[in-house]
Amino acid sequence: MNRNDAQKTPATFHVKSFGCQMNVYDGERMAEMLGTRGMTPAAEGAEADLVILNTCHIREKAVDKVYSDIGRLTREDGTRPMIAVAGCVAQAEGGEIQRRARNVDIVVGPQAYHRLPDLIDKAGRGEEAVDTDMPLASKFGALPARTRQARPTAFLTIMEGCDKFCTYCVVPYTRGAEISRSWSAILDEAKALVDGGVREITLLGQNVNAWTGEDDKGRTQGMDGLARELAKISDLKRIRYTTSHPNDMSDGLIAAHGDEPKLMPFLHLPVQSGNDRILKAMNRSHSVDSYLRIIERVREARPDIALSGDFIVGFPGESDAEFEDTLKIVDQVRYAQCYSFKYSPRPGTPAADMDHQIPAEVMDERLARLQALINQHQVTFNAATVGRTTDILLERKGRHPGQLIGKSPWLQSVVVTAPELAIGDMIDVDIISAGPNSLAGELSRRKAA
Ligand code: 5AD
Ligand code: SF4
């Protein structure tokens, strides 16, 4: 299958990111880098000369989707764009991809995408263009500074990788060991984002609260110190972070939730299961009780904090009673929202070789029950905000003329009709109604508490 001559030196590109927010962030950095090299993003609907599939390997279906996407990029006349597979599938299955999908031109892992321009040149010359290195020098130093953002919210990766080795998870293999970016690199990037119009930053890391570094005076700092320093940037109004590990919830970070107003009252703290035997088999290194104790302390510091979690159902050997314990913890914590997944055996992880893999029908049934319960708590949480006055940061247009959608401090989408306002405005609204997935608000005359 041939590409057009024009695509030997692609002029336009399109990045499609799957999976987690870190992939979204990486996709944006790739786009900015190609932009500074003179390439332009393809207009929506138009065909790009280069398509980058920025992939996720966390569960099976994500991988299948990539292969079907590669197939669909072939045009009616038999030509196709230059195709790059980036992200975690590229890292984990670089060789396999080339065998299975011969029409892939570039394979680039998540720690090597700063080298994309060279890889594009190589592919243009018809040479093999594969880079799944995990170089010691971070890619961040080689990427251009952040450019002006179209939205008032942005992600900022502050650490990457994972040393925890939960037995189900591919991340330690695809993203490598935990590495924190430097204090100054993070602050510089945050300032550039804020200068470019950003008002809310979400700090990212697979174990974001394990971030550690030295400040400009050589003192060791954790994520709480970093958040407090970021809060000094006056035009930065809100700080969020995700994803956290229970064992890295330090006293300082819990305290910061109580006294740093720019740190939003929202905590994504996955527990995965409500049963101690399963947590042990997952190598989570925390128990149900130690998790609940952390939640209690976070709530003491910030009583209105919204909690969010991740759950896996059907981990190998999970009995009915052990699954029921997961339902129990959902009731105990009363999460504002949650993500829940069927266990998916990942090649190379210890759990994939464990006995007593759970049949698909059992997983389906457990997932449906869990999701119904999670949904119930989400509805309750949203309903409890009706009647409150809160600030929202307007992020995008709504479906109807004059409608704008913003986020509450608790990460709920709030729809308001306010034609005189603009994306990026922070406003106070009275919440007048709530559904499972969004709230409706009216401009308030009161000031949010
Ligand atoms: N199967 C199902 N879910 C998984 N997750 C991670 N690995 C797997 C797997 N093998 C879920 C966890 C994690 C989230 C990002 O994805 O809940 O917190
Ligand atoms: Fe998926 Fe994990 Fe990679 Fe994110 S880090 S893209 S969740 S495999």
Side-chain angles (χ1 to χ4, degrees), residues 17-26 54-65 87-89 91-93 110 155 157 159-176 178 202 204-210 241-249 267-275 278-279 281-286 288 291 294 307-318 322-323 325-327 329-330 333 335 337-354 356-360 362-364 366-368 370-371 374:
S17 288
F18 303 82
C20 66
Q21 289 152 325
M22 192 172 289
N23 259 18
V24 174
Y25 172 85
D26 288 340
N54 191 21
T55 60
C56 172
H57 201 239
I58 201 106
R59 284 171 292 277
E60 243 145 9
K61 282 213 178 106
V63 183
D64 294 342
K65 227 168 152 248
C88 294
V89 176
Q91 189 66 41
E93 298 189 21
F155 293 130
T157 292
M159 65 80 67
E160 254 189 290
C162 181
D163 296 339
K164 305 256 180 325
F165 290 91
C166 298
T167 52
Y168 51 80
C169 188
V170 285
V171 168
Y173 313 97
T174 55
R175 293 272 172 176
E178 274 177 18
T202 302
L204 296 181
Q206 272 87 27
N207 277 312
V208 72
N209 56 342
Y241 61 98
T242 197
T243 290
S244 296
H245 192 284
N247 290 6
D248 293 313
M249 245 8 251
L267 177 62
H268 182 63
L269 196 65
V271 66
Q272 313 294 357
S273 162
N275 176 271
I278 295 293
L279 288 177
M282 287 177 164
N283 192 33
R284 286 291 295 177
S285 64
H286 61 77
V288 171
Y291 177 85
I294 295 164
L307 292 158
S308 155
D310 288 347
F311 290 94
I312 296 176
V313 301
F315 185 81
E318 186 187 62
E322 286 164 342
F323 166 68
D325 286 342
T326 293
L327 299 177
I329 201 170
V330 170
V333 176
Y335 291 97
Q337 59 157 77
C338 281
Y339 301 93
S340 49
F341 313 100
K342 287 184 271 187
Y343 169 71
S344 164
R346 309 315 295 134
T349 59
D353 296 326
M354 287 180 185
H356 308 297
Q357 300 280 329
I358 305 295
V362 177
M363 286 210 255
D364 286 340
R366 288 182 186 169
L367 188 69
L370 176 60
Q371 290 188 336
I374 287 168

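Fair warning: this is a prediction, and the values are worked out from it, not measured in the lab. Just the heavy atoms: all of them, side chains too, but no hydrogens, waters or symmetry mates, feed the values below. For ligands, and for the atoms within them, numbers begin at 1 and follow the listed sequence.
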Table please: side-chain donor-acceptor pairs of residues 163-171 below 3.5 Å, with sequence neighbours left out.
{"from": "Asp163", "atom 1": "OD1", "to": "Glu178", "atom 2": "N", "distance (Å)": "2.9"}
{"from": "Lys164", "atom 1": "NZ", "to": "Glu178", "atom 2": "OE2", "distance (Å)": "3.2"}
{"from": "Lys164", "atom 1": "NZ", "to": "Asp248", "atom 2": "OD2", "distance (Å)": "2.9"}
{"from": "Thr167", "atom 1": "OG1", "to": "Ala281", "atom 2": "O", "distance (Å)": "2.8"}
{"from": "Tyr168", "atom 1": "OH", "to": "Gln272", "atom 2": "NE2", "distance (Å)": "3.3"}
{"from": "Tyr168", "atom 1": "OH", "to": "Arg284", "atom 2": "NH1", "distance (Å)": "3.3"}

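- Contact of the Pro270 side chain with the Thr243 side chain is registered, since non-hydrogen atoms from C-beta on lie closer than 4.5 Å.
- The side chain to side chain donor-acceptor pair (under 3.5 Å) with His57 is formed by just one residue from the set Gln91, Glu93, Arg175; it is Glu93.
- The atoms of ligand 1 that sit less than 4.0 Å from any heavy atom of Arg346 are 10 (N).
- Applying the salt bridge (charged side-chain N to carboxylate O under 4.0 Å, His left out) criterion to Arg366, with sequence neighbours excluded, gives Glu318, Asp320.
- In terms of N/O distances under 3.5 Å, ligand 1 is approached by Tyr168.
- The aromatic rings of Tyr339 and His268 stand perpendicular to each other, their planes meeting at an angle above 60°, with 30° marking the opposite boundary.
- Atoms of ligand 1 found under 4.0 Å from any heavy atom of Asp310 (numbered from 1 in listed order, with element): 13 (C), 14 (C), 15 (C), 17 (O), 18 (O).
- Listed by atom number, the atoms of ligand 1 under 4.0 Å from Gln272 heavy atoms are 12 (C), 13 (C), 17 (O), 18 (O).
- Atoms of ligand 1 lying under 4.0 Å from any heavy atom of Tyr343, numbered from 1 in the order shown and given with element: 1 (N), 2 (C).
- Proximity of Arg59 to ligand 1, defined as any heavy-atom pair under 4.0 Å, is confined to the side chain (atoms from C-beta onward).
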